[in-house]
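None of these values were measured; they are calculated from a predicted model.
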Amino acid sequence: MFAKSRKARLLAAALGVTAVLLPSVAAAWKPTSHVYFAEIAVKDALDDGYVEIPVLGTGEVRRYKVDDDTLVALRAGRAQYRAGVLGPDAYPDILTGQQVIHPDGEESGVSHGSDAWLEHVWNSFGDDPLQRAFRLGFLTHAAGDTYGHTFINQFSGAPFTLDPPDNAIRHIVLEGYIDKRLPGSALTGDFFTASVAGVDGRIYQAMVDARPGSALDRLLPSASSSTNYSVPRLFSTLRASLDADIRAYYDHKADLQRRIDNCRWNDFSCSAVLLSAELAGYVALNAAPVTYKEYWRDDIDEGLRLWPQVSHQVAEALFFNAERKTDTEKADRILSDYATRHLLSMAGAPSFIGLTAAAIGDIIDAVTPDWLLAPIRALKAELLDTLLKAATGMTKAQLQAYLTRPDRYFDQVMTTGNGEHITLARFNRDYLQISDTGYDNPSESFDYRNLPAAYNTVVASKLVLLPPAEIDRLIRDLGGSRRLERPNVMLGFAHTLDGSVQWRSGMVLAAECNVYRRVFKPLPRDEVC
């Protein structure tokens with residue numbers, strides 16, 4: 001083995017990667033809530049090809065046409081649509097989604113905000129029915145975050161942060177409690193059927209395969225703490241280093257061969273014999289290490305191509321399953337299997353005969369960028385609780401407790417700290433508008449129409465399904481004059497999916513108050529008009 005070398009540290013990192021792939025806790029709505037609201041919109045669309053948009057304050061309901069291609073996509077790719085609705089909570093993986101796609105770009109240090117990612121997904125997924133379904137779902141997730149985070153941040157005091165640490169706890173408890181009050185009767189049948197079949201290759205190309213100079217390479221900068229634990233970023237960087245070395249070897253070899261071939265017998269400035277000897281020596285010295293690097297690169301390729309499927313399985317285990325449980329043991333098994341089958345070799349342990357352990361260790365030392373070593377070194381299984389506490393402010397046991405029984409901790413955490421203080425009894429009465437004063441009747445659910453953030457999420461989810469011409473017709477019908485200049489209503493304005501009132505930043509319906517207020521219900525402290 002390669003004791004005390006970078007090789008050893010990389011192998012330890014590979015074995016411990018599961019430690020940093022546990023649940024994200026900054027979702028506005030829990031994934032089940034996201035899908036529940038999205039399903040209301042889709043069922044409306046598929047009923048007759050139109051979505052109904054109530055005109056608030058008038059009792060009138062207007063109908064707008066979903067285009068035929070979208071209807072075909074929703075019928076053929078309902079499971080892919082649901083996968084898209086899981087969005088950056090699941091793809092390309094939990095950490096990349098939470099650390100890079102959700103935050104404001106300037107604040108997170110990645111220089112690109114959420115809208116750049118939404119534009120990227122929209123442009124990267126084509127009009128094939130399954131791809132169209134996924135990208136519509138992904139933008140639907142953003143629609144839910146836009147309104148959900150505005151609501152949750154009112155009580156947490158700020159977008160998700162670890163400073164103060166109780167902010168994260170308030171996010172988890174409130175989001176989890178709302179999720180528990182969803183109507184169970186709606187979460188049956190194929191509700192929990194989500195799939196990346198037919199789109200996993202495109203997820204890989206658009207969100208995992210960060211080739212140098214590509215759009216994704218720019219969206220996943222290496223010089224950022226936000227991407228430190230991103231599997232796509234880490235291993236795309238390693239692969240790029242290997243590719244550069246491999247190309248340099250073959251380019252130099254080809255150059256020597258060209259010079260040999262161009263040597264004329266009467267050209268005394270050129271010696272084919274000497275050049276041939278130089279070529280033979282160069283190949284003898286470098287062929288085996290380059291072959292090793294080719295195996296290593298190919299193992300990284302294979303592992304990254306499988307990453308969307310693994311991320312999907314982890315997401316299902318952690319937060320989208322019929323049992324409605326956070327199954328960290330199953331997620332650990334999935335990731336441990338991936339580590340055994342792929343991550344070890346991706347970190348530099350491809351099976352290759354012909355090099356000594358010392359030579360392989362030297363290769364890894366030379367190829368692995370220094371900035372990559374510290375985050376990988378931190379990925380050790382025994383540091384699970386430490387890493388979770390660093391990422392969420394909680395240990396694994398604490399996190400599971402808050403996720404499992406948010407009602408038990410509601411009054412304890414929601415009546416302290418920044419943000420609006422509220423008890424469970426008052427939240428039930430004033431916001432969910434249910435009669436239960438605690439959690440004595442778990443089967444009692446809330447009507448999404450009574451919770452403005454949920455209502456607005458459903459309406460925005462319907463608008464995501466409409467072509468620009470129908471968005472323009474809605475605006476005209478309500479007396480507005482603006483026009484949608486983007487291919488979808490959710491593009492062009494969301495700097496962050498974690499922040500509040502993002503529609504103020506350029507959502508076309510929010511450009512004219514008389515239009516916005518007749519479509520969306522006001523949220524507390526919303527001063528758009």
>> Applying ring-ring contact (aromatic ring centres under 6.0 Å, His included) as the test, list every pair that has at least one member in residues 464-487; sequence neighbours left out.
In response: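 Sorted result for residues 464-487: empty, none.
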
> What ring-ring contact (aromatic ring centres under 6.0 Å, His included) pairs are there with at least one residue in residues 39-88, not counting sequence neighbours?
Replying inline: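 Those involving residues 39-88 do not exist here.
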
> With sequence neighbours excluded, what pairs up with D127 under the side chain to side chain donor-acceptor pair (under 3.5 Å) test?
Replying inline: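 Residues passing side chain to side chain donor-acceptor pair (under 3.5 Å) with D127: R132, R135.
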
Does some side-chain heavy atom of [Y] sit less than 4.5 Å from a side-chain heavy atom of [X]?
{"X": "V459", "Y": "F37", "answer": "no"}
{"X": "S230", "Y": "L234", "answer": "no"}
{"X": "S156", "Y": "L174", "answer": "no"}
{"X": "D67", "Y": "L71", "answer": "no"}
{"X": "V519", "Y": "L56", "answer": "no"}
{"X": "V501", "Y": "T146", "answer": "no"}
{"X": "D477", "Y": "R62", "answer": "yes"}
{"X": "I94", "Y": "S311", "answer": "no"}

Residues in side chain to side chain contact (heavy atoms under 4.5 Å, CB included) contact with [X], at least two apart in sequence or another chain:
{"X": "L304", "value": "Y204, V208, V231, F235, S236, R239, I300, M346"}
{"X": "Q131", "value": "F125, D128, V199, R202"}
{"X": "P88", "value": "I101, H102, F138, H141, L497"}
{"X": "P54", "value": "V61, Y455"}

>> Less than 6.0 angstrom separating the ring centers of W503 and F520, yes or no?
In response: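 Here the rings of F520 and W503 have centres that are no less than 6.0 Å from each other.
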
> Between Y147 and W29, is the ring centre distance below 6.0 Å?
Replying inline: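 No, the ring of Y147 stays outside the 6.0 Å limit from the ring of W29, centre to centre.
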
Do [X] side-chain atoms and [Y] backbone N/O form a donor-acceptor pair below 3.5 Å?
{"X": "T96", "Y": "P92", "result": "no"}
{"X": "R63", "Y": "V51", "result": "no"}
{"X": "N321", "Y": "K325", "result": "yes"}
{"X": "D47", "Y": "K43", "result": "no"}
{"X": "H171", "Y": "A158", "result": "yes"}
{"X": "Q80", "Y": "A197", "result": "yes"}
{"X": "E512", "Y": "R482", "result": "yes"}
{"X": "H34", "Y": "D145", "result": "no"}
{"X": "D115", "Y": "H495", "result": "no"}
{"X": "D337", "Y": "R333", "result": "no"}

Thinking salt bridges, do [X] and [Y] make one under a 4.0 Å N-O criterion?
{"X": "R518", "Y": "E60", "result": "no"}
{"X": "D407", "Y": "K180", "result": "no"}
{"X": "K330", "Y": "E316", "result": "no"}
{"X": "D179", "Y": "R324", "result": "yes"}

> By salt bridge (Lys or Arg N to Asp or Glu O under 4.0 Å), which residues pair with D472, not counting sequence neighbours?
Replying inline: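 So D472 forms no salt bridge (Lys or Arg N to Asp or Glu O under 4.0 Å) with any residue.
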
>> Holding to ring pair (Phe, Tyr, Trp, His ring centres under 6.0 Å), I want the full list of residues that pass it with Y431, two or more places apart in sequence or in another chain.
In response: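 Checked Y431 against ring pair (Phe, Tyr, Trp, His ring centres under 6.0 Å); matches are F151, F155, F427.
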
> Y91: what forms a ring pair (Phe, Tyr, Trp, His ring centres under 6.0 Å) with it, not counting sequence neighbours?
Replying inline: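 Per chain and number, Y91 pairs via ring pair (Phe, Tyr, Trp, His ring centres under 6.0 Å) with F134.
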
State, to 0.1 Å, how close [X] and [Y] come at their nearest heavy-atom pair, and which atoms those are.
{"X": "I422", "Y": "F410", "result": "O-CE2, 3.7 Å"}
{"X": "L523", "Y": "P452", "result": "CD2-CB, 3.5 Å"}
{"X": "A45", "Y": "V66", "result": "CB-CG2, 3.9 Å"}
{"X": "P406", "Y": "G176", "result": "CG-C, 3.6 Å"}
{"X": "N488", "Y": "V464", "result": "ND2-O, 2.8 Å"}
{"X": "F191", "Y": "A186", "result": "CD1-O, 3.5 Å"}

> D68 and K65: salt bridge (Lys or Arg N to Asp or Glu O under 4.0 Å), yes or no, with the steps?
Replying inline: CA-CA 9 Å; D68 291 339; K65 181 74 171 68; 3.2 Å; yes

Please report the interatomic distance [atom1]([X]) to [atom2]([Y]), rounded to the nearest 0.5 Å.
{"X": "L484", "Y": "M507", "atom1": "CG", "atom2": "CE", "value": "9.5 Å"}
{"X": "Q313", "Y": "L318", "atom1": "CD", "atom2": "CG", "value": "11.5 Å"}
{"X": "S185", "Y": "L182", "atom1": "OG", "atom2": "CG", "value": "10.5 Å"}
{"X": "L306", "Y": "Y338", "atom1": "CG", "atom2": "OH", "value": "6.5 Å"}
{"X": "T423", "Y": "Q412", "atom1": "OG1", "atom2": "CD", "value": "14.5 Å"}
{"X": "N450", "Y": "L432", "atom1": "CG", "atom2": "CG", "value": "9.0 Å"}

> Which pairs with one or both residues in residues 456-470 pass salt bridge (Lys or Arg N to Asp or Glu O under 4.0 Å), sequence neighbours excluded?
Replying inline: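 For residues 456-470, and leaving out neighbouring residues, the salt bridge (Lys or Arg N to Asp or Glu O under 4.0 Å) pairs sorted by first residue read D44-K462, E470-R473.
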
> Quick one: salt bridge (Lys or Arg N to Asp or Glu O under 4.0 Å) pairs with a partner in residues 181-199, sequence neighbours left out?
Replying inline: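 Passing the test, one end in residues 181-199: R82-D190, R181-D436.
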
>> Taking CZ in R476 as the centre, count heavy atoms belonging to other residues, nucleotides or ligands within less than 6.0 Å. Is the count above 12?
In response: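 Yes, enclosed.
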
> Passes side chain to side chain donor-acceptor pair (under 3.5 Å), S500 versus T150? Steps please.
Replying inline: CA-CA 4 Å; S500 300; T150 298; 4.6 Å; no

>> Test side chain to side chain contact (heavy atoms under 4.5 Å, CB included) on E119 and R486; report intermediate values, then the result.
In response: CA-CA 10 Å; E119 295 268 8; R486 302 277 185 163; 2.3 Å; yes

> Do the side-chain N and O atoms of H421 and T415 include a donor-acceptor pair separated by under 3.5 angstrom?
Replying inline: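 There is no such pair (donor and acceptor under 3.5 Å, judged by atom type) between the side chains of H421 and T415.
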
>> Whether the Q205 and S124 side chains hold a donor-acceptor pair (N or O, under 3.5 Å, no angle test) is what I'd like checked.
In response: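 On atom types as modelled, these side chains do not qualify, holding no pair under 3.5 Å.
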
> Could you walk me through whether E420 and R426 pass the salt bridge (Lys or Arg N to Asp or Glu O under 4.0 Å) check?
Replying inline: CA-CA 12 Å; E420 178 183 337; R426 189 165 73 84; 3.2 Å; yes

